[in-house]
Amino acid sequence: MPCRCGSHSTIRDDQTGNLVCSKCYTLLDFDNYEAQIGGITGPTGTNIHIGYAGTGSVFSYKDRKIYQAKTLIHEYALRLDITYSESDITSMIDEITDGEFGEGDWFNVLIGACSYVVMRRDKKFFPAAEVAKAVGCDIYELGRMIARVVKFLKLSLPEISIAGLFEREFNNYMNRKNVDEDKKEMMMKQGIFLVNCAVKWSLTTGRRPLPVVAAVMAFVAELNGVDGLKIEDVAEHVHAVVSTCKLRYKELLAALVRVAQVLPWGKDISVKNVVKYAPFVIQYMELKSMEVPGGGGERVEPFDMEDVISECLQKVAAYGDDENLSNGDSQYFEVRNRSDFPALSNDNDGSNLKLSHECLSLIYSTFSNEVDAEKLNGQSGQIHVRKRRGLEPYAYQDWWSGKSELSKKLLLKQILEKEVGFDMMPPSFIAGCKANERRRQKINAAKVRINKIMDPSYAGSDGSDNLNSSEVACGGKKRKKRQASEIDWEDFVIEALLLHRVKEEDIEKGHYRALLGLYVFNSGTI
């Protein structure tokens, strides 16, 4: 092969052994080329393992994606402490994606949704808010993905047990507290009982269950004198909004006050002191829940008279210390005329009298009235007027028995069949009815203002507007009382909707934005 200079004369270099041109000393190309064709004696090339290295592999991307997906599933399972269900979660994702798995933000949400569905399917209680925080997504986005997973797999998930959620969150939180095991078990049963009562009272209807769980945990801790368990800390632990938890706590206290009105001293119980009287209220609810439904007639419960007197003496201790009262020699507990209390039985020994709720209420009312009368008239020199201390939550040790079925995890149907002494409509329903009534009054007031402007003679003969002002009689004279609230933006919106001939029934529902967009801003007029 001739050189670039045209010379055909070559010589071999003594040092390298390469052929060079004898005229221009150019190194000739392909002089030392050896074909890499393999074989028995030929040189061997470099083999690349398909799928794990190299860029020319067909399966490298898929295998890498599956490997990273399973690693991510394992990481989230460790974070949620559900490694025992990792294989079930992987199998469910494999079925949904046809073995393709995936990557990206949507796949994180899918892992969280499958984790929740697997735990719910196995009847293990797992809050969705905790899953959403672990996978780093919004709870609403997680809820939509859960719905899609359930629909795709055609699953029928069991109902959520709020008592099970309470048990899980209570155990996780109390493990960090130095509380006796027996006391912790008693608090657990009390909390489950109150949670089931909250379900009975419709405090969880149409609402998230975790704020109710946090409210019951805080109430049970305060009832049993456990320090360091504030509702703010509990709300943070269960991933709930603090303001919502406080609202559920107030609703729980209000419901207990309503139940306490059947007790002889129910009129003295309010939201501020219901925690002190809670042992008596819960004991009444527990006994009420153990009654046999459909027994017929009034059921009379047996009471030990000594226990009744001792409890009433504790009540008297709120007014002052009296040696005679402490010895049990009190005129207020003497049954001077048995005909005044027809519910008393004719037991000869009087050790176990059977008292109805009405009889006990009459005894307590008589005693309370006489004590108040002596305190006001100053006839008693031994009962000192001072600030009432009330009953301490731990002063009465035997108030909780834990024998009621409501202390266990029950289905919704079983909870609704129980009786706890008080039933109420869902608070959200009551609030909705009040809002509809308020909007109805605003609609009527808006119609009066519109008719008054369109037809001035529409006003009353005396020229007064009964909706804007009211007359109050005072010392034989009548004076006008100024309207409590001025016209606000809602009144203007209602007036605009009425002028555009929107039905009053639609306005009462309160969907102002949709109605304005449909009738006012997109009415079809040019």
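Position 1 is the first residue of the sequence; numbering continues from there. Just so it is clear, the structure is predicted and the values come from calculations on it, not from any experiment.
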Q: Could you give me the CA-CA distance, side-chain angles and deciding distance for Arg439 and Glu508, then say whether salt bridge (Lys or Arg N to Asp or Glu O under 4.0 Å) is met?
A: CA-CA 6 Å; Arg439 284 191 286 266; Glu508 283 186 11; over 6 Å; no
Q: Would you confirm whether Lys123, through its side chain, and Pro158, through its main-chain N or O, come within 3.5 Å as a donor-acceptor pair?
A: no
Q: Kindly compute the distance separating CG (Asp122) from CG (Leu157), expressed to the nearest 0.5 Å.
A: 10.5 Å
Q.
Within the 4.5 Å heavy-atom criterion, are Lys408 and Ile192 side-chain neighbours or not?
A. no
Q. What pair of heavy atoms forms the shortest contact from Asn224 to Met186, and how long is it?
A. OD1-CE, 3.2 Å
**Q.** Whether over 12 other heavy atoms sit under 6.0 Å from Lys124 NZ
**A.** yes
Q. What distance separates Ser407 OG from Met290 CE, expressed to the nearest 0.5 Å?
A. 9.0 Å
Q | Stepwise side-chain contact (heavy atoms from CB on, under 4.5 Å) check, Arg168 with Glu130 | A | CA-CA 12 Å; Arg168 179 181 185 274; Glu130 184 176 346; 3.0 Å; yes
**Q.** Atom of Leu252, atom of Ala215 and distance for their closest heavy-atom approach
**A.** CD2-O, 4.5 Å
Q. Is the side chain of Asn196 donor-acceptor paired with the backbone N or O of Ile415 at a distance under 3.5 Å, no angle test?
A. no
Q. Going by heavy atoms in the side chains, are Val259 and Trp201 under 4.5 Å from each other?
A. yes
**Q.** Sub-4.5 Å side-chain heavy-atom contact between Tyr512 and Ile507
**A.** yes
(Q) Taking the side chain as everything from C-beta on, heavy atoms only, tell me whether Phe126 gets closer than 4.5 Å to Arg120. (A) no
(Q) Looking at Arg79, I want to see if its CZ is surrounded by more than 12 non-hydrogen atoms of other residues, nucleotides or ligands under 6.0 Å. (A) yes
(Q) How close do Glu141 and Cys137 get, counting heavy atoms only, and between which atoms? (A) OE1-CB, 4.0 Å
Q: Could you check Met119, Lys133, Glu169, His239 and say which one makes a side chain to side chain contact (heavy atoms under 4.5 Å, CB included) with Pro127?
A: Glu169
**Q.** Over 12 non-hydrogen atoms of neighbours within 6.0 angstrom of CG in Asp105
**A.** no
Q) When you look at Asn171 and Met188, which way does the side-chain contact (heavy atoms from CB on, under 4.5 Å) test go after all the steps? A) CA-CA 8 Å; Asn171 286 330; Met188 170 72 70; 3.1 Å; yes
Q: Kindly check if the number of other-residue, nucleotide or ligand heavy atoms within 6.0 Å of CZ (Arg438) is above 12?
A: yes
Q | Presence of salt bridge, Glu251 and Arg248, under 4.0 angstrom | A | yes
**Q.** Inter-residue atom distance Glu405.CD - Ser289.OG, 0.5 Å rounding
**A.** 8.5 Å
Q: Please report the shortest heavy-atom distance between Ser428 and Thr205, naming the atom on each side.
A: OG-O, 4.0 Å
Q: Answer yes or no: does atom CG of Asp138 have more than 12 heavy-atom neighbours from other residues, nucleotides or ligands under 6.0 Å?
A: yes
Q) How long is the span from the OG atom in Ser243 to the CD atom in Glu232, to the nearest 0.5 Å? A) 11.0 Å
**Q.** Close side-chain approach of Ile89 and Ile82, heavy atoms under 4.5 Å
**A.** yes
Q.
Can you give me the closest heavy-atom contact between Leu498 and Ile450, atom names plus distance?
A. CB-CD1, 4.1 Å
Q) Is it true that Lys442 and Asp488 make a salt bridge, defined as a side-chain N closer than 4.0 Å to a carboxylate O? A) yes
Q | Test item: Tyr173 and Val238 side chains (from C-beta on) under 4.5 Å apart, heavy atoms | A | no
**Q.** Any donor-acceptor N/O pair, Asn273 side chain to Ser270 backbone, under 3.5 Å
**A.** yes
(Q) Quick check: do Met145 and Leu110 have side-chain heavy atoms less than 4.5 Å from each other? (A) yes
Q: Please work out whether the ring planes of Tyr277 and Phe280 are parallel, tilted or perpendicular, with thresholds of 30° and 60°.
A: tilted
**Q.** Spatial distance of atom CE (Met187) from atom CG (Leu229) [nearest 0.5 Å]
**A.** 6.5 Å
(Q) Donor-acceptor check, side chain of Asn172 to backbone of His237, threshold 3.5 angstrom: yes or no? (A) no
(Q) Would you say that Arg207 contacts Thr244 through its side chain, given a criterion of any heavy-atom pair below 4.5 Å between the two side chains? (A) no
**Q.** Evaluation steps, side-chain contact (heavy atoms from CB on, under 4.5 Å), between Val213 and Phe170
**A.** CA-CA 9 Å; Val213 170; Phe170 183 82; over 6 Å; no
Q | Atom pair NZ (Lys409) and CG (Leu165), whose distance is rounded to the nearest 0.5 Å | A | 10.0 Å
Q | Minimum heavy-atom distance Leu142-Ala128, with the two atoms named | A | CD2-O, 3.4 Å
Q | NZ/NE/NH1/NH2 to OD/OE distance under 4.0 Å, Lys288 and Glu419 | A | no
Q. Given Met285 and Phe193, is the side-chain contact (heavy atoms from CB on, under 4.5 Å) satisfied, shown in steps?
A. CA-CA 10 Å; Met285 293 163 54; Phe193 180 83; 3.8 Å; yes
